[in-house]
Amino acid sequence: MERPLTGVTVLVPAHDRDAAGAATRAARRAASELGLAGPRAERAAECAGELARALAARAERGAVYVQPSPLGRGLDVAAVGSAPPEDGGAGAGRWPDGTRAGGTLLEVLRELADDLVVRGTPGRGTAVCARWRASGMPGVPLEAGAREAVAAPDVGALRLPVDGESSCGDAWAVAAGPAPGAGIAGPPGTGAGPSLAAPPGAGAGQVGEDGRAAGAGPTAGDGPAGRSGARPGAATAAVTAMVVDGLGHGPAAARAADLAVRTFHGSPALPLPRLMAAVHEALRGTRGAAVGLLRRSADGTVEHCSVGNVRAYVLGRDGVRHRFGAQPGVVGWNMPPPAAQRLPDALDGTLLLHSDGVDGRWAHSPGPGLTGLPAPLLPVVLAHAHRAARDDVTALAVAPARRTP
């Protein structure tokens with residue numbers, strides 16, 4: 001069987017002193033698989049361990065999430081806790097061996113990670129996403145003429161199996177291109193992780209060192225110039241996103257989900273109804289799936305096409321701006337003729353897709369701060385707080401490229 005295009009998230013509950021070791025091992029193993037080498041792999045492992053240790057020490061209902069970066073070029077270590085970032089993010093901590101300068105955990109994370117996003121939200125505590133870029137990761141560049149003009153979107157994702165299982169029947173995919181009608185490039189047919197078509201270096205810089213303190217504003221960062229965000233004046237890339245939920249869970253559902261992802265990447269620029277039909281044909285003979293598709297054009301228009309129970313939204317800082325409906329049926333089995341919906345002028349909103357592994361009731365009363373979270377944090381925070389029992393869960397958030405002042 002071919003290796004899945006979309007890597008699986010490893011969840012480490014931070015409930016006791018053993019969590020630090022488990023998180024360290026998970027991050028070290030993932031770093032090796034994703035092409036991080038030497039000291040950078042060890043920095044990722046240290047970061048995961050320190051986050052888990054801090055969460056456990058404060059007896060929070062926190063967790064560390066280790067996964068391939070959705071940008072397809074490295075590793076993400078995310079953590080969700082309830083301590084305010086003024087106390088050092090997930091809890092103040094100093095390095096026990098004294099080999100590094102003392103300081104809060106947040107200061108240490110800034111030193112360790114290539115990119116860092118931190119947010120505190122009222123009633124939800126602190127979420128952190130640290131990202132490391134790996135050289136040589138698979139990725140598909142845009143056309144040469146578009147490299148200087150197109151900014152890749154900001155992306156966050158989570159793909160989490162049912163507790164106790166290693167395969168996940170849910171999956172996600174995302175592809176970007178220079179403009180509507182110009183073609184949306186996807187990754188090669190096989191690879192170690194998902195790929196986002198973007199100018200060289202653009203994906204690596206979309207997530208900045210973001211947030212010195214809780215509620216400090218949309219971009220409270222102190223990274224070097226050019227390290228986070230896109231250049232002012234860069235055009236927004238057209239982007240197509242998919243979440244697929246294979247019926248049930250386990251290896252058979254995972255095969256259906258992975259086949260849907262491969263089909264998506266074969267022709268992601270198709271009109272959404274045709275893309276859905278292609279996935280339908282590919283999934284014949286499998287157990288079938290629910291599939292949700294969203295596309296944002298460079299002019300801000302959003303198109304949606306879904307069959308089955310994959311939920312799709314456009315979010316803003318003011319809450320859920322739009323909730324899309326889906327057609328009934330099972331892709332690969334009894335799908336009706338697919339139809340697309342169009343929503344004009346959603347240029348500044350965050351696109352969100354998630355499987356029914358996230359309890360959809362969250363959207364009726366999302367609470368302060370949730371819908372305004374940066375894309376790298378939104379799927380993890382959403383799943384951490386609203387994960388349904390005994391089901392795979394996948395969430396994908398796509399926001400416009402962050403822009404430096």
Side-chain angles (χ1 to χ4, degrees), residues 4-6 70 72 140 142 152-153 155 157 159 170-191 194-198 237-247 255-286 288-314 324-343 346 351-355 394-398:
L5 282 173
T6 309
V140 180
L142 292 171
V155 182
R159 186 190 187 194
D170 296 356
W172 60 268
V174 64
I184 301 177
T190 60
S195 296
L196 179 66
V239 61
T240 304
M242 179 180 75
V243 162
V244 53
D245 183 350
L247 265 61
R255 282 193 292 273
D258 289 333
L259 182 56
V261 170
R262 292 179 188 279
T263 303
F264 171 95
H265 283 309
S267 51
L270 286 173
L272 294 190
R274 289 179 56 194
L275 182 54
M276 183 70 77
V279 174
H280 176 64
E281 289 301 316
L283 265 57
R284 290 188 183 275
T286 72
V291 177
L293 297 167
L294 281 175
R295 173 174 293 157
R296 174 163 44 211
S297 300
D299 64 0
T301 300
V302 172
E303 292 179 90
H304 169 257
C305 183
S306 283
V307 175
N309 199 18
V310 171
R311 295 178 173 90
Y313 311 85
V314 177
F324 293 97
Q327 296 176 267
V330 179
V331 180
W333 285 85
N334 60 342
M335 187 182 79
Q341 306 170 58
R342 182 181 292 266
L343 179 69
L351 308 184
L352 174 67
L353 288 159
H354 68 72
S355 67
T394 287
L396 173 64
V398 181

Legend entry - Any donor-acceptor N/O pair, Q327 side chain to C305 backbone, under 3.5 Å: no
Legend entry - Heavy-atom side-chain contact between W172 and S355 under 4.5 Å: no
Legend entry - Over all atoms of both residues, closest heavy-atom pair of A289 and G246: CB-CA, 3.8 Å
Legend entry - Pairwise distance NE2(H280) to CG(L275) - rounded to 0.5 angstrom: 13.5 Å
Inset, instruction - Hey, could you give me the OG/CZ distance between S306 and R311, rounded to the nearest 0.5 Å? - result: 11.0 Å
Inset, instruction - State, to 0.1 Å, how close F324 and Y313 come at their nearest heavy-atom pair, and which atoms those are. - result: CD1-N, 4.2 Å
Legend entry - side-chain contact (heavy atoms from CB on, under 4.5 Å) between E303 and R296, intermediate numbers included: CA-CA 6 Å; E303 292 179 90; R296 174 163 44 211; over 6 Å; no
Inset, instruction - Mind running side-chain contact (heavy atoms from CB on, under 4.5 Å) on L343 and H304 for me, showing each step along the way? - result: CA-CA 8 Å; L343 179 69; H304 169 257; over 6 Å; no
Legend entry - R295 backbone acceptor or donor facing T240 side chain under 3.5 Å: no
Legend entry - Side-chain heavy atoms of D170 within contact of V244, under 4.5 Å: no
Legend entry - Closest approach of F264 to A173 (non-hydrogen atoms, all atoms of both residues): CD2-CB, 3.5 Å
Inset, instruction - Scan L293, L294, T263 and name whichever one has a side chain to side chain contact (heavy atoms under 4.5 Å, CB included) with M242. - result: L293
Legend entry - Full working for side-chain contact (heavy atoms from CB on, under 4.5 Å) between V174 and V398: CA-CA 9 Å; V174 64; V398 181; 4.2 Å; yes
Inset, instruction - Could you tell me which non-hydrogen atom of L259 sits nearest to which non-hydrogen atom of A282, and how far apart they are? - result: CD2-O, 3.0 Å
Legend entry - Considering all heavy atoms, the nearest A171-A257 contact: CB-CB, 3.9 Å
Inset, instruction - To the nearest 0.5 angstrom, please state how far the OG1 atom of T394 sits from the CG atom of D245. - result: 7.5 Å
Legend entry - Identified side chain to side chain contact (heavy atoms under 4.5 Å, CB included) partner of V291 from the options V279, V243, V307, L353: V279
Legend entry - Residues D299 and R342 bridged, charged N to O under 4.0 Å: no
Inset, instruction - Identify the heavy atoms of L283 and T286 that sit nearest to each other, and give their distance. - result: O-OG1, 2.6 Å
Legend entry - Audit row: L352, L396, side-chain contact (heavy atoms from CB on, under 4.5 Å) steps and yes/no: CA-CA 6 Å; L352 174 67; L396 173 64; over 6 Å; no
